Structure formats: structure tokens, C-alpha cells
Amino acid sequence: MRKIKSLIILLFLGTSGAMAQSAAVQKATKSVFTLTTFNKEGHIKGTCQGIFITEDGTAISAFQPFIGADSAVIVDATGRSHKVDYIMGVDENYDVVKFKIKMNGIKPSPLSSKESAEGTQAWIVPYSVINPNYQKLTVSKVEKFNTKYNYYIFDFDAPDNLYASPIVNVNGQVLGLVKSLGNNSISATDANYIESLQLDALSIQKLQQTGIRIGLPDKENEAITTMLLARGRRSLQDNFDYANEFINKFPKSAEGYKSLAELYCGQYKFAEADQALRNGISRASAKDEAHSNYAAQMYQKLVYSNDSTYSNWTFDKALNEANEAFKIKPEAAYKHQQAQIIYSKGDYRKALGIFRDLTKSKINNGEIWYEMAQCKMNLKAPNNEVIELLDSAVNVGSRLGNASPYYYARGIWYDAHNEYRKAIRDYNTYDSLTATINPIFFYTRYKAEANTKMWQQALIDIAHASVLDPKEPTYLAEWASLDLRVKRNEEAEKVAERCTKVAPTYPDGWLLLGLSQIELKKKTSGLENLEKAKALGDDRAQKYIEKYK
């Protein structure tokens with residue numbers, strides 16, 4: 001009988017931690033989870049706890065485990081795991097984060113609407129699927145920040161496994177999350193403050209220390225900016241997630257459907273892009289934008305893609321959509337879109353007329369004058385008519401602060417018409433305006449300089465092109481050839497040898513190596529390399545072999 005009584009006492013003592021808590025405090029246990037983050041290699045980066053605050057998957061926790069992490073998983077009070085979808089807000093100073101998982105029907109905990117004063121009791125609610133070991137606390141100090149939020153301090157030596165565990169009041173309402181301060185004390189930043197955290201357009205730039213996706217801001221314009229910035233910073237899957245999140249968040253905006261279609265087009269999934277754009281037409285409130293987006297995607301695909309398997313998109317269909325946009329809202333931008341499509345269809349005279357009309361509109365810019373010049377070129381107009389339009393493109397572009405592409409275009413035209421010095425002048429202006437690092441530009445200017453025997457400038461530009469694109473054998477061959485031409489034979493040998501290493505099957509490299517070695521009195525090796533060029537199909541090699549034998 002004594003043993004039975006002892007067993008009852010032990011059972012009572014074993015459950016007294018839970019029995020001492022109010023039902024509201026115990027109920028909070030159902031909202032608590034553990035969080036584990038992982039790096040790109042799949043290794044654990046950090047762990048902590050947290051709590052759900054909404055039924056649709058909004059949660060709060062500590063931010064530190066997210067730094068350097070590429071993914072994150074939570075395990076809820078039932079033992080089920082869920083992937084963290086995206087971050088909704090962060091404050092690194094307080095080490096707090098708000099994030100979302102894809103799940104509905106969660107049992108959240110309410111946030112405290114009132115301050116817990118000094119001396120008030122509170123409880124740490126740790127994660128547990130069976131029997132939580134609640135820790136009773138007393139508020140030691142309360143500090144205000146941002147005028148209305150509370151920063152709580154408690155005298156308690158919290159072990160590491162309680163990091164970011166929720167602290168609740170007697171009513172089970174969340175005060176904040178456990179953060180150790182050392183010296184046997186912990187703090188808790190007001191859960192209402194964590195819940196209020198939001199993102200802005202630049203959050204995606206400011207939070208680059210985590211690979212976990214940053215959510216979209218609540219303002220549409222800022223969300224659009226985030227989607228644009230994500231293109232160069234986030235993975236393809238993240239970008240698809242952004243587009244779909246935007247559509248869910250702003251279903252009446254045409255931008256989400258446009259972004260999704262662009263991503264599908266980038267993957268050559270044109271049927272899926274077509275569906276996304278048609279969804280935009282049916283759902284977006286700005287029907288003119290939706291029709292114009294449809295026309296733009298078809299135009300981009302037809303002009304710039306080499307895909308020939310998807311035939312549902314045609315210039316005629318694109319023009320119909322541009323016409324629909326203009327009917328709904330007769331803006332010059334849609335008329336410009338019509339003209340570009342008509343030009344691509346080959347009706348240069350009709351396109352020229354529309355472009356000319358647009359020069360009298362509010363969107364008059366250098367591009368329109370350049371497009372008129374292109375029409376004139378295709379209509380075989382006299383050179384003076386073409387150059388007059390190219391001059392106008394430069395002048396209008398200069399007035400609007402965007403002249404660089406038109407200096408380059410005019411330079412290309414001068415170059416093609418053997419007016420090399422005028423071309424070089426425009427190329428130099430383009431270079432000073434853009435500080436370009438495009439190797440094709442330097443190769444283009446090099447050829448114009450070589451044609452006017454500006455050897456020093458030509459050497460600098462072809463060397464620059466080779467530095468910018470060291471794997472392109474054409475640049476190295478041209479460099480070696482120019483070195484030979486100006487009697488820099490040792491330099492020619494070095495550059496040609498580099499060319500043969502970059503592209504062993506490129507005959508020009510071996511030909512130039514052989515010629516440079518013969519100039520350096522290395523006849524035997526020079527002839528051997530000329531033979532290699534001949535074996536690779538260079539028709540010039542045999543002539544040189546016969547000459548130098």
C-alpha cells in the first residue's frame with residue numbers, strides 16, 4: 001500500500017509542472033515549433049524555436065539562424081515538418097524575423113495587447129510534442145522603444161535549447177521570444193513589434209546575407225521593384241515564386257502575369273506564357289496594359305528567339321493585341337508598339353509614317369528617330385536622308401539625357417560607309433558616356449582604327465577586347481596579326497602562342513605563330529606551325545610554306 005502511495009506521489013510530481021499552468025498557457029504549446037536552417041550543401045546552419053501567430057502560416061522566431069542559410073524547415077507541435085516559404089520582415093538588431101509557411105488551419109497564439117508590468121508572472125513555453133517543461137518567470141524590467149513597444153528583461157539563465165521560445169502571460173498571450181543576455185538574464189522583444197515588421201522595395205538588397213527568399217512588400221509599386229531586382233539576384237525558382245506570389249497578392253494587376261510569362265518565355269515554355277498572358281487579360285483591371293503585355297511578349301519572341309516550334313504567336317496576332325490596347329486607351333506608347341510590329345512585318349513605309357507622327361507626341365525620343373532611320377535604310381533611301389535621321393536621334397537623345405546608343409548606331413553607319421574617322425569620333429563619345437566593358441565594342445573600334453592606320457589606338461583596343469574576353473581566339477589572332485604588321489614580332493609570337501592554347505583547332509593561331517617565328521629567324525619551328533595551320537584547313541598556309549622553305 002505504501003508503494004502504491006509513493007507511485008501516486010511521483011506521478012503527481014511528474015505532472016505538477018503542467019498542472020500549475022493555466023489552460024491558456026498550456027494551449028500556447030500547440031502553436032510552438034522548432035526551426036532548423038540549412039546551408040547550400042544541406043548541412044545544419046542553426047536551430048531555435050518560434051511560434052505561429054496566424055492561422056495561415058505566419059510565424060515569428062529568431063533571425064540569426066537564417067544568416068548564411070539557403071533553406072529552413074519547421075516542425076510543429078504535431079511533429080509535422082513544413083518548409084519556410086519566405087521572410088516577411090526582419091530586425092537584425094533585435095534578432096527577430098517574421099516568415100510564412102504554406103499551410104492553413106494552424107492554431108496560432110494571440111499576442112498580448114497590454115504591457116506586463118514589473119513583478120508580473122510569465123512563462124516560457126518550450127517546444128514539445130508530449131509534456132512541455134514550462135519555466136515560470138517574473139518580469140524584472142520593462143523598457144519602451146518606438147514609443148509603444150515593450151522590451152522585457154527577466155532574471156533567468158536560459159539554456160541554448162530555449163532560444164527563441166515564446167514567453168506568454170497568464171492568459172497565454174505572447175509577450176516575446178527568449179534571447180539570452182548572459183549574466184543569468186534574458187530579454188524578449190515585444191511580439192507586437194515582430195508582427196509589425198514589413199518589407200520594402202530594397203529589402204531584397206539589404207537582406208543578401210540569407211539565401212531564403214524575401215517576400216514581396218505590401219505596396220504594389222514596391223512589390224514590382226522587388227520582382228525586378230530579384231531577376232539578377234535570386235534563383236529561377238525564386239523568381240517564379242515571386243511572380244505567383246505577386247499574382248496572389250495583386251490579382252488585378254497586369255504586372256504579375258507579365259512577369260510570369262517572361263519567365264516562361266525564358267524557358268521556351270511559350271504555351272504556358274500564353275496562358276499566363278491570357279489570364280492577365282481576363283483578370284487584370286487595366287485591360288489595355290494586359291493586351292499590350294501580350295503583344296510585347298509575342299513581339300520579343302518573334303524578333304529575338306530562334307525557336308520555331310511554337311507557331312501560335314505571329315506578328316499579325318501581336319498587332320491585333322497592340323490594336324486592342326490602343327482601342328481601350330489611345331496612348332502614344334501603344335501606337336509605338338504597333339509601329340514596331342508593322343516594321344518587323346516588313347511594311348517599312350507604313351511604319352515610317354507612324355514613327356514620324358510619334359515625333360510630334362509626348363513620347364518623342366531618340367529611339368523613334370533611330371527607328372525612322374532604320375526604315376529609310378530598308379527602303380534604300382539616299383544616305384543623306386538616313387544620316388539626317390541618325391543626327392536627329394543623337395540630338396533628341398542628348399536633350400533627354402540618353403544619347404549613347406545613338407552615337408554608337410551612327411558610328412556603325414559611318415563605319416559601314418567607310419567614313420572611319422567619323423565612326424571613331426562617335427565610338428569615342430559612346431565610350432566616354434558609358435565606360436563600356438563590352439569586348440565587341442573594342443573590337444569594332446579597333447577595326448575602324450586599323451582602317452585609318454591608327455596603330456597605337458588599334459593595339460590598345462584589340463588588347464582590351466582580348467582581356468575582356470580572353471577565350472575568344474579571333475581577338476588574339478587579330479592582336480597577333482597587328483603586332484606582325486607593325487613589326488612587334490616578339491609580342492606577335494607570344495599572343496599567337498596564347499591563341500593556339502586557347503583554341504588548338506583554330507588555324508589562324510598556328511599560321512600567325514609560324515609567321516612571327518619566321519620573322520624572328522626561328523624558321524624550323526615556324527614552318528612546323530605553318531604545316532599545322534595547313535592541316536587544319538588554312539588555304540593561305542601553303543603559299544607561305546613555299547615562300548619560306
Side-chain angles (χ1 to χ4, degrees), residues 8-35 48-62 74-80 96 98 103 105-144 148-181 184-196:
I8 292 171
I9 292 170
L10 286 172
L11 288 170
F12 176 78
L13 290 173
T15 59
S16 61
M19 295 285 287
Q21 320 312 320
S22 68
V25 171
Q26 294 180 42
K27 185 178 179 181
T29 307
K30 298 177 181 178
S31 307
V32 182
F33 57 79
T34 62
L35 170 77
C48 65
Q49 298 188 28
I51 191 164
F52 289 112
I53 58 173
T54 69
E55 293 182 350
D56 62 351
T58 302
I60 59 175
S61 187
I74 65 101
V75 179
D76 64 25
T78 68
R80 293 177 298 177
V96 290
K98 180 172 70 169
M103 186 178 176
I106 292 171
K107 296 179 179 177
S109 283
L111 307 184
S112 176
S113 58
K114 295 181 180 179
E115 174 188 325
S116 288
E118 292 181 16
T120 304
Q121 289 185 344
W123 285 264
I124 297 176
V125 183
Y127 174 80
S128 177
V129 295
I130 302 175
N131 188 22
N133 183 21
Y134 302 100
Q135 299 291 333
K136 186 176 180 181
L137 306 172
T138 301
V139 177
S140 302
K141 188 177 181 181
V142 185
E143 299 174 356
K144 286 287 183 184
K148 64 178 181 178
Y149 297 113
N150 301 305
Y151 183 78
Y152 297 100
I153 297 175
F154 305 87
D155 293 327
F156 181 73
D157 186 15
D160 291 342
N161 64 358
L162 291 181
Y163 179 32
S165 293
I167 298 174
V168 303
N169 60 22
V170 69
N171 297 315
Q173 298 168 329
V174 183
L175 301 178
L177 305 173
V178 172
K179 181 174 175 59
S180 177
L181 298 175
N184 297 321
S185 64
I186 61 172
S187 67
T189 300
D190 198 327
N192 289 286
Y193 173 69
I194 309 173
E195 192 276 335
S196 74

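Note that the structure is a prediction, hence the values are computed from the model and not measured. Just so you know, these numbers use all the heavy atoms, side chains as well, and skip hydrogens, waters and symmetry mates.
- Between Ala158 and Ile186 the shortest heavy-atom distance is CB-CG2, 3.6 Å.
- In terms of the ring pair (Phe, Tyr, Trp, His ring centres under 6.0 Å) criterion, Phe156 has no residue partners (sequence neighbours excluded).
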Show your working on side-chain contact (heavy atoms from CB on, under 4.5 Å) between Val170 and Trp123 and close with a plain yes or no. CA-CA 8 Å; Val170 69; Trp123 285 264; 3.9 Å; yes

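- Of all the heavy atoms in Ala28 and Val32, the pair that sits closest is O-CG2, 3.4 Å.
- In this view, Ser113 satisfies the side-chain hydrogen bond (donor to acceptor under 3.5 Å, both in side chains) rule with no residue, not counting sequence neighbours.
- Note: Ile124 CD1 to Ser165 OG = 6.5 Å, rounded to the nearest 0.5 Å.
- Under the 3.5 Å distance criterion, the side-chain polar atoms of Tyr127 are matched with a main-chain donor or acceptor of Asp76.
- For the ring-ring contact (aromatic ring centres under 6.0 Å, His included) test with Tyr193, the passing option among Tyr149, Tyr152, Tyr151 is Tyr149; the others fail.
- Between the Ser31 side chain and the Ser109 main chain, a donor and an acceptor come within less than 3.5 Å of each other.
- No more than 12 heavy atoms of other residues, nucleotides or ligands sit less than 6.0 Å from atom NZ of Lys148.
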Worked check of side chain to side chain donor-acceptor pair (under 3.5 Å) between Asn192 and Asp190: CA-CA 5 Å; Asn192 289 286; Asp190 198 327; 3.1 Å; yes

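- The shortest heavy-atom contact between Asn133 and Pro126 is O-CG, 3.5 Å.
- Of all heavy-atom pairs spanning Phe154 and Leu137, the tightest one is CD2-CB, 3.8 Å.
- A donor-acceptor pair under 3.5 Å is formed between the side chain of Ser61 and the backbone N or O of Gln49.
- At a threshold of 4.5 Å between non-hydrogen side-chain atoms, the residues Lys179 and Val96 do not count as touching.
- Annotation: side chain of Val178 is in contact with side chain of Ile167 (closest heavy-atom distance under 4.5 Å).
- Side-chain N or O atoms of Thr120 include none that pairs as donor or acceptor with a backbone N or O of Val139 at under 3.5 Å.
- In this structure, NZ on Lys107 lies 15.5 Å from OG1 on Thr54, to the nearest 0.5 angstrom.
- Checked against salt bridge (charged side-chain N to carboxylate O under 4.0 Å, His left out), Asp56 has the following partners two or more places apart in sequence or in another chain: Lys100.
- Side-chain atoms of Lys98 come within 3.5 Å of backbone atoms of Glu195 as a donor-acceptor pair (strictly under, hydrogens ignored).
- When all heavy atoms of Thr29 and Pro132 are compared, the pair lying nearest together is CG2-CG, 3.4 Å.
- Contacts of Ser116 classified as side-chain hydrogen bond (donor to acceptor under 3.5 Å, both in side chains), with partners at least two apart in sequence or in another chain: none.
- In this structure Lys27 satisfies the salt bridge (charged side-chain N to carboxylate O under 4.0 Å, His left out) test with no other residue, sequence neighbours excluded.
- Rounded to the nearest 0.5 angstrom, Ile106 CD1 and Thr78 OG1 are separated by 10.0 Å.
- Between atom CG of residue Asp157 and atom CG of residue Leu162 there is a gap of 10.0 Å, rounded to the nearest 0.5 Å.
- Among residues two or more places apart in sequence or in another chain, the salt bridge (charged side-chain N to carboxylate O under 4.0 Å, His left out) test is passed with Lys30 by none.
- Rounding to the nearest 0.5 Å places OG of Ser185 at 10.5 Å from NZ of Lys141.
- What you find for Ala62 and Leu35 is that their closest heavy atoms are O-CD2, 4.5 Å.
- Thr189 is not listed as a side-chain neighbour of Leu177, based on a closest heavy-atom distance of 4.5 Å or more.
- Under the 4.5 Å side-chain criterion, counting only non-hydrogen atoms from C-beta, Leu111 is not in contact with Gln173.
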